[in-house]
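Computed from a predicted model, the values in this text were never measured in an experiment. Reminder, nothing fancy here: chain letters follow the sequence lines and each chain counts from 1.
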Amino acid sequence: MSKIEDKIVIQVQKAITELFGQEIDSSSIALQNTRKDIEGDFTLVVFSFVKLTKKSPEETAQLIGEYLKKHMKEIDSFQVLKGFLNFTLHHQYWMTFLQKASEENNYGTTLPDESEPVVVEYSSPNTNKPLHLGHIRNNLLGYSLAQILEASGKKTYKVNLVNDRGIHICKSMLAWMKWGNGETPESSKKKGDKLVGDYYVLFETALRKEAQALKETHNYDDENARNNAPLMQEARELLRKWEARDPDVFKIWKTMNGWVYRGFDSTYQRLGVSFDKIYYESDTYLMGKKIVLDGLEKSAFFKKEDGSVWADLTNEGLDEKLLLRADGTSVYITQDIGTAQLRFDDYNPGKMIYVVGNEQNYHFEVLKKALKKLEKPYTDHLHHLSYGMVELPQGKMKSREGTVVDADDLMDEMYKTARKTTEELGKIEGFSEEEKENLFHIIGMGALKYFILKVDPKKNMLFNPEESIDFNGNTGPFIQYTHARIRSIIRKAEEKGIADKNFDPLKVVINIKEKNLIRSLYNFPQIVQDAAADMSPALIANYVYELAKEFNQFYHDYSVLNEPDENISLFRLKLSGLTSKVIKTAMDMLGIEVPERM
RNA sequence: GGUUCCGUAGCUCAGCUGGAUAGAGCAACAGCCUUCUAAGCUGUGGGUCCCAGGUUCGAAUCCUGGCGGAAUCACCA
């Protein structure tokens with residue numbers, strides 16, 4: 001469906017040429033939706049043309065308005081107000097739009113184009129800590145972004161990069177070896193990621209104690225004390241053994257990581273996120289090493305006296321960056337260089353998006369510049385979706401102060417709140433236990449997901465665990481409820497056998513609420529494109545809220561099935577049906593399910 | 001200190017590729033269920049859009065400089 005806005009813009013261009021003898025670039029034509037409190041569908045801002053037309057804004061607007069009305073059959077009328085030119089399209093135009101959009105399978109979305117796929121990396125957990133609220137934002141953003149990109153017409157692959165190697169992993173392993181007595185998730189009835197996380201905490205606690213003692217006996221500073229503590233030495237030894245593929249160490253590493261993955265899987269499943277491929281740093285860092293050494297050979301990088309390898313980025317306004325340690329072992333960025341290459345080889349993507357917190361902005365700058373030094377063809381394909389931190393009322397989450405909001409706990413809370421609220425409202429008679437549980441899950445997760453996704457990704461956001469997430473107003477359940485309401489109407493229409501009957505547009509007199517709804521529905525495809533371009537699920541969230549609000553206003557003022565005029569009733573049914581479809585499609589892009597009843 | 005991001009109603013957030021009188025939700029107060037689901041709808045109050053300059057016919061939006069907050073500047077990840 002070609003957009004009417006594009007047609008108007010072309011006609012405005014012609015009008016200016018014919019009426020005023022001036023050429024104008026289409027990009028300088030500001031055509032926007034007319035404000036709701038003013039009559040009209042589209043508004044042309046004419047102020048910028050006044051220099052060319054040498055006439056007053058009002059006169060210019062009047063002339064262009066007359067020209068367009070004459071040359072475009074879709075335009076019914078226009079009015080000039082304070083130098084703004086407001087067009088109203090023909091009734092028939094909107095009726096046709098409603099009918100056509102209703103027939104589409106997935107109105108608003110575009111079938112994915114395989115030619116230049118997009119790879120979205122998100123989640124990227126460490127295997128020594130359970131997932132918390134910060135990871136939830138990451139996972140929801142990543143999953144939603146991938147859905148949006150796919151809906152906007154890009155084949156999209158979701159990938160995860162698991163940080164499963166390094167000194168931190170050795171810490172939990174060491175603690176478990178020393179004090180675990182062979183404890184397993186089965187023996188302790190703990191989730192695997194929680195169990196391993198507990199040993200990490202145990203290690204850190206013991207290390208702090210040792211370091212404190214050293215500070216007193218040897219007068220070390222904090223850093224020296226930590227580095228010289230026997231536990232730290234042992235952890236390093238373990239890392240050396242791991243890198244040397246010591247069979248015993250490797251076996252424990254595999255076992256413990258296996259526990260963590262099973263724990264993560266259950267959290268991911270509950271969150272409703274998934275991946276097309278999982279990369280492991282324990283694999284990708286080898287590729288990274290190789291590329292860095294190749295770069296060294298080609299003089300893209302340089303070696304210092306101690307044998308360490310560096311990238312000199314001082315000409316790019318950055319600093320020197322270590323890529324390989326003197327002993328040949330790799331650092332964080334080494335594996336990212338390798339991962340980028342592997343990903344490029346796997347998918348040949350037009351875009352590689354990294355959903356990673358803004359605390360790593362500098363890292364991604366360095367990564368891009370380093371890849372540029374290597375003259376990698378995919379350098380410019382990298383995009384960092386840098387999102388803000390989730391803060392608590394007391395500030396950042398700190399594991400030491402026990403203020404970390406655990407992902408599983410939070411989902412439990414949401415479920416309980418959803419159950420309590422739903423049971424109090426008492427609308428679920430006739431639901432089976434299974435249906436009830438599913439509904440509580442859908443509503444609880446809907447509230448949580450919407451709460452997080454409605455905020456602009458790049459901004460820090462505040463989460464107050466004391467004031468539990470609302471179910472009224474600008475929330476997920478409000479939108480879910482609107483969907484359920486519409487579905488209820490449609491079920492009744494199906495019982496009456498009128499659900500698919502068409503209406504006669506000529507006999508429909510449209511009211512303002514209906515008009516607002518149609519206009520909002522019309523905007524949907526553009527919103528999807530904007531959200532994809534801006535990498536912002538918040539645009540979808542805010543759009544679908546507006547749409548739901550508009551429907552509720554319409555629903556309050558007018559009846560669909562009890563409307564005596566059958567033709568108007570059928571029209572409203574179509575309008576409601578399309579609204580429910582758009583709500584479902586949009587919510588799907590946010591990873592939020594919508595219930596048939598609630 | 002350098003760099004990047006943020007600063008809009010009591011609180012949480014929209015609006016930011018410049019356009020008409022700056023919007024929602026929550027909280028407060030006042031209404032609306034014999035009619036398709038009241039998790040809804042309607043109304044009232046609530047603002048130096050951090051400050052100061054600049055660009056422009058027009059600035060919450062763009063530029064410069066302050067102020068305030070966050071992140072980062074590792075041989076951690």
Side-chain angles (χ1 to χ4, degrees), chain A residues 27 30 32 34-35 37-38 43 45-48 50-51 57 81-84 86 124 126 128 163 165-169 281 304 306 308 310 317-319 321-327 329-333 335-336 357-363 365-366 386 388-389 391 393 395-396 418 421-422 424-425 427 443 447 451 454-456 458-464 467 470-482 484-493 530 533-534 538-539 541-542 545-546 548-549 551-563 569 572-573 576 597-598:
Chain A
S27 64
Q32 52 200 223
T34 303
R35 278 168 48 143
D37 50 340
I38 289 167
T43 296
V45 184
V46 298
F47 296 100
S48 49
V50 176
K51 281 191 245 55
L81 204 64
K82 290 185 182 172
F84 293 88
N86 303 309
S124 319
N126 285 346
N128 62 332
N163 177 3
R165 55 156 226 117
I167 189 76
H168 52 287
I169 311 298
E281 283 189 19
K304 287 197 177 174
D306 65 356
S308 55
W310 296 73
L318 302 179
D319 216 331
K321 177 71 189 176
L322 177 90
L323 302 174
L324 283 177
R325 295 189 185 101
D327 64 1
T329 58
S330 58
V331 290
Y332 181 54
I333 197 165
Q335 64 76 26
D336 251 335
N358 60 16
E359 55 200 351
Q360 294 194 33
N361 285 354
Y362 183 75
H363 169 76
E365 259 188 80
V366 171
S386 162
M389 301 288 99
E391 284 163 4
K396 248 189 115 169
T421 310
T422 308
E424 277 169 8
L425 286 168
K427 294 185 190 173
I443 295 173
F451 180 84
K454 75 172 174 180
V455 180
D456 182 348
K458 69 173 187 284
K459 289 191 179 175
N460 287 358
M461 64 177 291
L462 187 92
F463 177 80
N464 189 345
E467 305 167 12
D470 242 297
F471 284 27
N472 300 316
N474 188 356
T475 67
F478 168 89
I479 298 160
Q480 292 171 320
Y481 175 71
T482 307
R485 273 180 146 181
I486 301 175
R487 292 301 303 161
S488 172
I489 295 173
I490 290 172
R491 276 194 303 275
K492 291 200 166 81
D530 291 349
D534 288 1
L539 292 181
N542 288 305
Y545 168 65
E546 283 295 327
K549 208 167 52 158
F551 182 82
N552 281 317
Q553 288 172 9
F554 157 75
Y555 180 91
H556 178 266
D557 290 358
Y558 303 98
S559 186
V560 177
L561 299 176
N562 298 328
E563 164 59 45
S569 176
R572 289 181 183 161
L573 194 56
S576 304
R597 288 181 57 192
M598 71 183 271

Practice task
Would you mind classifying the nucleic acid contact of V455(A) as base, sugar-phosphate or nothing, using non-hydrogen atoms under 4.0 angstrom?
Solution key: sugar-phosphate
Counting distance alone, no hydrogens or angles: does the base of A38(B) have a donor or acceptor under 3.5 Å from a partner atom on the side chain of N472(A)? no
Between CG of L462(A) and C1' of A71(B) the distance, given in whole Å, is 17 Å
5'-most contact on RNA chain B (nearest-nucleotide basis), L561(A) vs Q360(A), goes to L561(A)
* Give the C-alpha distance, both sets of side-chain angles, the deciding distance and a yes or no for side-chain contact (heavy atoms from CB on, under 4.5 Å) between F471(A) and T422(A). => CA-CA 10 Å; F471(A) 284 27; T422(A) 308; 5.7 Å; no
When rounded to whole Å, the NZ to P distance for the pair K396(A) and G69(B) reads 17 Å
Worksheet item: What nucleic acid atoms does F551(A) come within less than 4.0 Å of, heavy atoms only: base, sugar-phosphate, or nothing?
Response: nothing
* May I ask whether F47(A) stacks on the base of G19(B), given the cut-offs of 5.5 Å between ring centres and 30° between planes? => yes
note: H556(A), atom NE2; G31(B), atom P; distance rounded to Å ~ 16 Å
Over all strands shown, is E546(A) touching base, sugar-phosphate only, or nothing at heavy-atom distances under 4.0 angstrom?
nothing
Next on the checklist: Regarding T482(A), tell me which of base, sugar-phosphate or nothing describes its non-hydrogen contacts under 4.0 Å with the strands shown.
Outcome noted: nothing
*asked:* Categorize D557(A) for me: base, sugar-phosphate, or nothing, with a 4.0 angstrom heavy-atom threshold over every strand shown.
replied: nothing
So, F478(A) versus Y481(A), ring centres under 6.0 angstrom or not? no
Mind checking if M389(A) touches a base, just sugar-phosphate, or nothing, with heavy atoms under 4.0 Å?
nothing
Exercise. Can a donor-acceptor pair under 3.5 Å be found between the side-chain atoms of D306(A) and the base atoms of C75(B)?
Worked result: yes
Per the glycosidic torsion and the 90° limit around 0, nucleotide C26(B) is anti
Could you check whether I38(A) gets within reach of a base, just the sugar-phosphate, or nothing at all, counting any heavy atom under 4.0 Å?
base
task: Indicate yes or no: does D37(A) engage R35(A) in a salt bridge with an N to O separation below 4.0 Å.
output: yes
Taken to the nearest whole Å, CD/E281(A) to C1'/C76(B) is 12 Å
Can Y555(A) be called stacked on C36(B) when the rule is centres closer than 5.5 Å and an angle between planes below 30°?
yes
Report task. Assign S576(A) to base, sugar-phosphate, or nothing according to its heavy-atom contacts below 4.0 angstrom with the strands shown. Result -> nothing
Taken to the nearest whole Å, CD/Q32(A) to P/U61(B) is 17 Å
Comparing Y332(A) with D37(A), nearest RNA chain B nucleotide closer to 5' gives the residue D37(A)
Exercise. Please determine, by modelled atom types, if T475(A) and D470(A) share a side-chain donor-acceptor pair under 3.5 angstrom.
Key: no
Between U44(B) and G7(B), how far apart are the P atoms? Round to whole Å, please. 29 Å
What nucleic acid atoms does L318(A) come within less than 4.0 Å of, heavy atoms only: base, sugar-phosphate, or nothing?
nothing
Whole-Å distance, I333(A) CD1 to C73(B) P, equals 12 Å
Exercise. With a 4.0 Å cut-off on heavy atoms, is K51(A) in touch with a base, just the backbone sugar-phosphate, or nothing at all?
Worked result: nothing
Atom OH of Y545(A) and atom P of C26(B) are separated, to the nearest Å, by 7 Å
For C75(B), does either OP1 or OP2 sit under 4.0 Å from a side-chain N or O belonging to K321(A)?
no
In whole angstroms, the gap separating P of G2(B) from CG of N361(A) amounts to 18 Å
In terms of heavy-atom contacts, L561(A) and S569(A) come closest through CA-OG, 4.0 Å
Exercise. Under 4.0 Å between any heavy atoms, over every strand shown, what does K458(A) touch: base, sugar-phosphate, or nothing? Just pick one.
Key: sugar-phosphate
| query | So what does N86(A) touch, heavy atoms closer than 4.0 Å: a base, only the sugar-phosphate, or nothing? | reply | base
